[in-house]
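Below: one structure, written as structure tokens.
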Amino acid sequence: MDTSSTTQPDPAALATTVASLQPRALAELAELVAFKSVADEAQFPRSECEAAADWVAGALRAEGFEDVALLDTPDGTQSVYGHLPGPAGAPTVLLYAHYDVQPPLNEDAWISPPFELTERDGRWYGRGAADCKGGFIMHLTALRALKEHGGVPVGVKVIVEGSEEQGTGGLERYAEAHPELLAADAIVIGDAGNFRVGLPTVTATLRGMTMVRVQVDTLEGNLHSGQFGGAAPDALAALIRVLDSLRAEDGSTTVDGLTAAQEWEGLQYGEDAFRQDAKVLDGVSLIGSGTVADRIWARPAVTVIGIDCPPVVGATPSVQAGARALISLRVPPGQDAAEATKLLTAHLQAHTPWNARVTVDQVGQGQPFQADTSSPAYASMAEAMRIAYPGEEMQTAGMGGSIPLCNTLASLYPETEILLIGLSEPEAQIHAVNESVSPEELERLSLAEALFLTKYAAGKH
């Protein structure tokens, strides 16, 4: 890939090139989506993730990247790294995506197979299409378009993570042990999304997260509910009480000692739009207080994401001896995830009834993130998005989800400008069944990224 020129290409010509690359983007995204790269060997074989990593590494080599490597990270997964040198004196930009995906959940609920990219109703459906295999294809498309217009004007590093969805921190620990590897002047995290389709958006804040497993035990073994029920302490009932203590009557998160009154200043999220995006059933109320933006971007939010208990089918009339749940707590900027973990653990222990035995184990943790939106990189991205989305100005929003690596990178490289863009707009339904990506968004954001790299390079010279 030629990287010798820093002349800014004509935006219209660049847009035409990006559009011509869309069939290739579709074909390659289909290949990448086909890997069942869930980073959990209890659900899918490790070989699926390894094959996806090999595919990503091969794509980087084919584009002329040097030092392409599969990095064995401390959590047992692999991240893929490559470096494309730029012109002398040019800045270096790190491009991030991840190839691991969420499990498909109920495969029978998918209209088309989750690991088979399918075109339908103007979108491309498949697990990881938006989050975040599409993000890697976006990076490739932007670089390929620049190649046809004089070359890439910056040095480029690419890192594609293998366990972002699991929150096990492998790449974070690897980066801390090898701080020179990902050093760059600017970082583009391709794992966020526009506020809505057609509205260019950078994400300025991310909630952090902590995940804990709580186990409640009351008996040596299950008991006949007719013979012992009414006096024997039911572990499942105890667990239900513990979980209920995490919410106020209106559904607000209530963890003892954890502040939950922060307010979001900036782009607001109307309740009607949120109800539509979240597909809330008619007549069902939203939970929490304050604006929707307050609730999903600025305040902590607890979610019970799994419970081990007997299924209805096959259940016996028994008092349960033990029960456990997996709890996720999203932590907003301004709060420390480690402290939130301590408060959540103490809350669960304090609210366990009947002197039941309770064990709380931390499963994962990541710090919240807040970007400096006044940096030159944001000005370059705003100009690029203005061209890629005619008639629209770049918006700045928050995101309720977590990308723990962002805080690690911000700590390692305090002078580096970090931007978050991506394909995970509300219609994408990431983490849910029937995840999809908008091909129009993929095209426009690929163009925006290509334009950003040229404008950022020009601003640094």
Side-chain angles (χ1 to χ4, degrees), residues 11-35 52 55-56 59 63 95 97-99 101-102 104 110-148 160 188-203 277 381 384-392 394-395 420-453:
L14 192 60
T16 299
T17 300
V18 169
S20 73
L21 290 169
Q22 290 307 288
R24 184 176 183 181
L26 171 61
E28 291 187 334
L29 184 57
E31 293 179 21
L32 195 49
V33 164
F35 298 111
W55 190 98
V56 170
E63 295 304 320
L95 305 179
H98 62 84
Y99 68 81
V101 298
Q102 285 285 335
W110 285 74
I111 297 174
S112 52
F115 296 105
E116 182 179 314
L117 194 69
T118 304
E119 292 186 78
R120 186 173 66 253
D121 303 324
R123 297 183 68 93
W124 301 343
Y125 287 80
R127 176 57 90 218
D131 183 25
C132 178
K133 293 176 176 180
F136 178 61
I137 299 300
M138 175 186 72
H139 294 325
L140 284 181
T141 302
L143 296 175
R144 286 167 177 161
L146 289 171
K147 175 184 176 181
E148 296 189 24
V160 186
V188 179
I189 304 289
D191 192 23
N194 287 342
F195 182 69
R196 59 172 171 79
V197 172
L199 184 65
T201 310
V202 292
T203 299
D277 290 341
M381 183 63 78
M385 285 185 160
R386 190 177 300 115
I387 297 170
Y389 291 81
E392 298 286 354
M394 184 182 80
Q395 303 293 314
L420 292 96
I421 63 172
L423 302 166
S424 298
E425 37 75 28
E427 293 181 40
Q429 295 193 126
I430 64 170
H431 294 203
V433 298
N434 299 313
E435 177 184 346
S436 67
V437 68
S438 162
E440 289 80 12
E441 291 289 77
L442 176 57
E443 181 177 335
R444 287 182 288 207
L445 284 168
S446 298
L447 175 59
E449 182 166 281
L451 290 166
F452 163 76
L453 293 175

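Quick note: numbers below take in every heavy atom, side chains included, and nothing from hydrogens, waters or symmetry partners.
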Heavy-atom distance under 4.5 Å between the side chains of L140 and L21, does that happen here? no

P104 backbone acceptor or donor facing W110 side chain under 3.5 Å: yes

Mind checking the CD-CG spacing from E31 to L26? Nearest 0.5 Å is all I need. 10.5 Å

Gap separating the CH2 atom of W55 from the CD atom of E28, nearest 0.5 angstrom: 4.5 Å

Between A25 and T141, what is the shortest heavy-atom contact and its length? CB-OG1, 4.0 Å

Using atom types as modelled and distance alone, determine if a side-chain donor or acceptor of R123 lies under 3.5 Å from a backbone N or O of T118. no

Step by step, work out the side-chain contact (heavy atoms from CB on, under 4.5 Å) result for D131 and H98. CA-CA 8 Å; D131 183 25; H98 62 84; 3.1 Å; yes

Nearest-0.5 Å distance, CE of residue M394 to CG of residue L199: 11.0 Å

Taking A130's backbone N and O only, do any of them form a donor-acceptor pair with E435's side chain (distance below 3.5 Å, no angle check)? yes

Looking at E440 and R444, is any side-chain nitrogen of the basic one under 4.0 Å from a carboxylate oxygen of the acidic one? no

Roughly how far apart are E116 CD and R127 CZ, rounded to 0.5 Å? 15.0 Å

Using every non-hydrogen atom in the two residues, find where P114 and V33 come nearest and quote the distance to one decimal. O-CG1, 3.9 Å

Checking R196 side chain against P426 main chain: does a donor-acceptor pair fall under 3.5 Å? no

If I take atom NZ from residue K133 and atom OH from residue Y99, how far apart are they, to the nearest 0.5 angstrom? 9.5 Å

For F195, does its backbone N or O pair with a side-chain atom of T201 as donor and acceptor, under 3.5 Å? yes

Less than 4.5 Å apart, any side-chain heavy atom of V56 and any of L32? yes

Kindly give the heavy-atom pair with the smallest separation between L29 and G134, and that separation in Å. CD1-N, 3.7 Å

Can L453 and V188 be said to form a side-chain contact (heavy atoms from CB on, under 4.5 Å), step by step? CA-CA 10 Å; L453 293 175; V188 179; 5.6 Å; no

In the structure I gave you, are the side-chain heavy atoms of V437 and I137 within less than 4.5 Å of one another anywhere? no

Could you pull out the closest heavy-atom pair between G422 and L445, with the gap in Å? O-CD1, 2.9 Å

For the atom pair CG (D277) and CD (Q429), what is the distance rounded to the nearest 0.5 Å? 10.0 Å

Which heavy atom of A388 sits nearest to which heavy atom of L451, and what is that distance? N-CD1, 4.4 Å

Would a 4.5 Å heavy-atom cut-off, applied to side chains only, mark H139 and V160 as touching? no

Would you say I421 and F452 make side-chain contact, with heavy atoms under 4.5 Å? no

Go through the structure and list residues passing ring-ring contact (aromatic ring centres under 6.0 Å, His included) with F136, not counting sequence neighbours. none

I'd like to know if the side chain of K147 reaches the main chain of E63, judged simply by a donor and an acceptor atom lying under 3.5 Å from each other, with no hydrogens or angles considered. no

Smallest heavy-atom separation, G126 atom then L117 atom, equals N-CD1, 4.3 Å

side-chain hydrogen bond (donor to acceptor under 3.5 Å, both in side chains) partner of N194, chosen from E441, E427, E425: E441

Strictly distance-based, threshold 3.5 Å: is any side-chain N or O of N434 a donor or acceptor partner for the main-chain N or O of I111? yes

